[in-house]
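In listed order, ligands and their atoms are each counted from 1. In this text the structure is predicted, and so the values were computed from the model without any measurement.
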Amino acid sequence: MIPGGGETVMVALSAADRDPTPFPRPDTFDIRRPSPPHLAFGHGIHYCLGAPLARLQAATALSSLFTRFPALALAPGADRTWRRSLITRGLTRLPVRVGG
Ligand code: HEM
């Protein structure tokens, strides 16, 4: 509770884009899913100014990675380690294999 005011609101950023109503099966990675615009770059007047640059960098990095390692795949049976954070969601460790 804020003294003399309203109540504290804690926004769980890591829940963004995971509402199953607009994003069915949110736990499934589906790069082609038809969905409403995601919120990764924000929304409205403060929409990320760097979004086109970030998209270009991601496209360049991922296409270089898959060109260099065409057989790149998750390492079978390996554990994925998640960040312990309510603010950001992501992996700290993602074992992969690069050869066939
Ligand atoms: C994957 C990469 C990135 C992600 C996920 C991302 C995400 C975001 C998000 C969610 C916001 C909105 C923050 C808010 O509403 O308060 C934002 C704002 C902003 N981003 Fe990014 N961003 C990325 C890369 C970049 C890059 C590369 C640049 C600059 C070269 C950049 C510059 C900015 C700026 C200047 C704003 C503030 C816009 C404003 O307040 O009007 N971002 N970003």
Side-chain angles (χ1 to χ4, degrees):
M1 183 75 116
I2 298 171
E7 296 182 12
T8 302
V9 174
M10 183 167 176
V11 179
L13 293 180
S14 54
D17 301 328
R18 296 176 61 79
D19 177 350
T21 304
F23 301 101
R25 297 173 294 103
D27 288 331
T28 302
F29 176 70
D30 177 1
I31 204 165
R32 294 191 174 86
R33 73 169 63 227
S35 68
H38 62 75
L39 299 171
F41 291 112
H43 176 75
I45 193 169
H46 291 291
Y47 186 80
C48 177
L49 281 178
L53 175 60
R55 286 196 170 94
L56 181 64
Q57 289 177 323
T60 303
L62 290 175
S63 89
S64 302
L65 182 68
F66 294 129
T67 300
R68 174 71 180 81
F69 300 111
L72 188 69
L74 292 174
D79 282 341
R80 294 167 218 173
T81 310
W82 291 90
R83 294 170 62 110
R84 295 177 59 83
S85 168
L86 288 175
I87 306 298
T88 54
R89 180 175 160 78
L91 291 161
T92 58
R93 188 166 180 274
L94 180 64
V96 296
R97 62 179 181 191
V98 295

(message) I need the full list of salt bridge (charged side-chain N to carboxylate O under 4.0 Å, His left out) pairs touching residues 35-49, with sequence neighbours left out, sorted by first then second residue.
(response)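 For residues 35-49: none.
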
(message) A side-chain contact here means heavy atoms from C-beta on lying under 4.5 Å apart; do P76 and R97 qualify?
(response)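 Side-chain contact under 4.5 Å: yes.
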
(request) Return the set of residues passing side chain to side chain donor-acceptor pair (under 3.5 Å) with R55 (not counting sequence neighbours), or none when no residue passes. (result)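 With neighbours one apart ignored, the set is empty.
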
(request) Kindly write out the residues that satisfy side chain to side chain donor-acceptor pair (under 3.5 Å) with R80, not counting sequence neighbours, or none if the list is empty. (result)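 Result, side chain to side chain donor-acceptor pair (under 3.5 Å) vs R80: none returned.
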
(message) Can you tell me how far apart CG (L62) and OG1 (T67) are? Round to the nearest 0.5 Å.
(response)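 L62 atom CG to T67 atom OG1 measures 10.5 Å (nearest 0.5 Å).
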
(message) Can you tell me how far apart CH2 (W82) and CG (L91) are? Round to the nearest 0.5 Å.
(response)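 W82 CH2 to L91 CG: 4.0 Å, rounded to 0.5 Å.
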
Less than 3.5 Å apart, N/O on ligand 1 and N/O on the protein: could you list those pairs with the distances?
unit_1: ligand 1; atom_1: 40 (O); unit_2: H46; atom_2: ND1; d: 2.7
unit_1: ligand 1; atom_1: 41 (O); unit_2: H46; atom_2: ND1; d: 3.2

